[in-house]
2 protein chains.
Amino acid sequence: MPDKPEKPEQPEDTATGREQPRRRQARGERRIQQLLEAAASVFCATGYTAASTNAIAREAGVSPGTLYQFFPNKEAIAIELGDRLMHDLRDTYGEALAPVDPATPLADAVAAVVDRLTAFNTDHPVFFALMHGPDMPGGITEAHDALHTSLLGRIETLLASLLAPGTDKADVTRTAHVCLGIYKAGLELVLSHEGTEQQAYIQEIKNALTRYLDPLVGHHLDQPAG
Amino acid sequence: MPDKPEKPEQPEDTATGREQPRRRQARGERRIQQLLEAAASVFCATGYTAASTNAIAREAGVSPGTLYQFFPNKEAIAIELGDRLMHDLRDTYGEALAPVDPATPLADAVAAVVDRLTAFNTDHPVFFALMHGPDMPGGITEAHDALHTSLLGRIETLLASLLAPGTDKADVTRTAHVCLGIYKAGLELVLSHEGTEQQAYIQEIKNALTRYLDPLVGHHLDQPAG
DNA sequence: GACAAACGCGAGCGGTCGCTCGCATTCTGA
DNA sequence: TCAGAATGCGAGCGACCGCTCGCGTTTGTC
């Protein structure tokens with residue numbers, strides 16, 4: 001009995017559950033980082049479905065077998081990528097989606113959120129690829145869904161601090177869906193243009209969102225001296 | 001010389017050009033219709049990339065070889081489908097995107113266009129699948145691109161009759177892009193809901209578009225007695 | 001230095017895909 | 001009537017995919 005090793009915990013994984021991380025060397029963590037960066041690059045270039053695991057491994061400079069040393073399957077790569085992306089979003093731009101001071105003019109609040117989210121998307125193009133391409137087979141697109149749901153929740157709380165206090169919960173949710181939709185549609189236009197035209201499209205996102213939300217916000221503080 | 005048949009025209013096709021239609025029997029035309037309907041069904045269910053030509057043939061009740069009797073490759077199916085869809089759009093809802101009487105209130109004009117386009121999309125779900133899924137390999141997605149470009153052009157002329165007369169051409173184009181983006185984003189939300197909630201989202205599309213366009217239109221006729 | 005575990009490789013397995021080919025059947029026009 | 005074109009079939013080819021497996025190498029620990 002006492003001869004047995006102290007850690008009999010073999011990596012158990014449920015059907016879709018997370019296996020507890022096995023013993024990993026620094027080399028392994030580096031490889032994982034390489035593979036995720038390569039996957040981001042390939043996903044970005046071709047989308048999730050068309051991206052082949054062999055191409056990801058090649059891009060990372062390792063063999064297919066090495067890739068599967070660290071990820072159980074292709075979907076897990078996208079999920080892990082999505083998790084880290086969302087972690088980055090929380091860390092770097094968490095305050096972008098926090099409730100705002102109701103005294104802030106709507107246009108300024110929208111502009112700030114759009115500017116920060118746009119910057120994040122420019123820094124991490126794969127975020128757009130994972131958000132926009134619901135082409136994952138099997139029905140459940142965990143990475144995409146987690147990103148989407150999390151963003152929606154944050155927008156809802158943000159809207160809760162902007163909209164008229166009596167607004168119905170279902171209305172807030174619907175408004176959040178529409179705002180996210182407008183932003184995603186605008187982002188596609190922003191990313192497909194450059195330079196001055198790109199800036200013009202960013203302004204159009206702000207215009208569209210501001211004008212859409214304006215009749216919905218509580219105007220009690222807009223013109224305090226009115 | 002006079003012995004030669006009157007129609008020596010063999011089906012010549014350039015790299016991406018259209019071959020002139022070979023001699024076809026009524027049977028063939030029926031098969032083509034069957035195959036296109038089956039393709040619409042399969043594209044709708046799984047998207048273009050994931051749709052297999054064998055599945056399309058099976059859905060149509062014919063063999064893979066028969067499918068390739070009428071279409072040179074998979075992409076040609078989507079292109080022909082897109083062409084016929086656009087033809088239907090022109091025929092059935094052409095007037096939906098025609099220039100409107102400037103005296104019409106903006107909200108009414110937007111509501112009319114959105115209602116008609118939404119009805120068309122409900123009748124032809126594959127339209128949304130082809131518009132929204134830019135997952136076609138090879139870079140050029142002719143069917144998708146043709147639909148997109150044609151719709152954009154129609155929206156531009158429609159906007160030209162609504163916007164303030166002095167509006168810059170580039171601004172009109174940009175506004176058309178944004179409007180189409182908002183509509184497509186809203187359509188995705190509409191199609192993913194049902195019943196009362198679906199109607200609510202349709203109303204939100206109208207709200208978003210109306211409020212976005214309102215500051216841009218010439219207000220010279222809005223309140224004739226103002 | 002010895003041993004086990006983690007890492008790394010790449011040929012290749014089982015499967016699906018787009019598409020072909022040889023051949024049988026049905027239709028058309030003279 | 002009958003030659004030839006159009007239609008129809010379905011096994012299967014070649015390519016690629018996600019992923020595995022056996023085996024050699026590196027690393028951490030005692």
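Below, chains carry the letters A, B, ... as their sequence lines are ordered, and counting in each starts from 1.
- Within the structure, salt bridge (Lys or Arg N to Asp or Glu O under 4.0 Å) pairs that include any residue of residues 40-59 of chain B do not occur (at least two apart or interchain).
- One atom, CG of B:L35, and another, C1' of D:dA6, lie 15 Å apart when rounded to the nearest Å.
- Among residues at least two apart or in separate chains, there is no salt bridge (Lys or Arg N to Asp or Glu O under 4.0 Å) pair with a member in residues 27-45 of chain B.
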Between the protein and nucleotides 13-15 of chain D, list the N/O to N/O atom pairs that are separated by less than 3.5 angstrom.
none

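- Partners of A:F120 by side chain to side chain contact (heavy atoms under 4.5 Å, CB included), not counting sequence neighbours, listed by chain and number: A:D88, A:L89, A:Y93, A:H124, A:F127.
- In this structure, CD of B:Q34 is placed 13 Å from P of D:dT7, rounded to the nearest angstrom.
- When each of B:T118, B:I155, B:V113 is checked for a side chain to side chain contact (heavy atoms under 4.5 Å, CB included) with B:Y183, only B:T118 meets the rule.
- Nearest-nucleotide mapping onto DNA chain C: of A:Q69 and A:S63, the residue sitting toward the 5' end is A:Q69.
- Considering only residues two or more places apart in sequence or on other chains, A:E156 meets the salt bridge (Lys or Arg N to Asp or Glu O under 4.0 Å) condition with A:K169.
- Under the rule for a side chain to side chain contact (heavy atoms under 4.5 Å, CB included), the partners of A:S161 that lie at least two apart in sequence or sit in another chain are A:P99, A:V100, A:L158.
- Shown here are the salt bridge (Lys or Arg N to Asp or Glu O under 4.0 Å) partners of B:E197, two or more places apart in sequence or in another chain: A:R174.
- As rounded to whole Å, 11 Å separates atom P of C:dG8 from atom CG of A:L67.
- When the side chain to side chain contact (heavy atoms under 4.5 Å, CB included) test is applied to A:A39, the partners found at least two apart in sequence or on another chain are A:F43, A:I56, A:I77, A:L81.
- Between the CZ atom of A:R30 and the P atom of C:dA6 there is a distance of 17 Å, given to the nearest Å.
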>> Strictly under 4.0 angstrom, non-hydrogen atoms only: write out the protein contact profile of nucleotides 17-30 of chain D, one letter per nucleotide from the 5' end, B, S or -.
In response: SSBBB----BS---

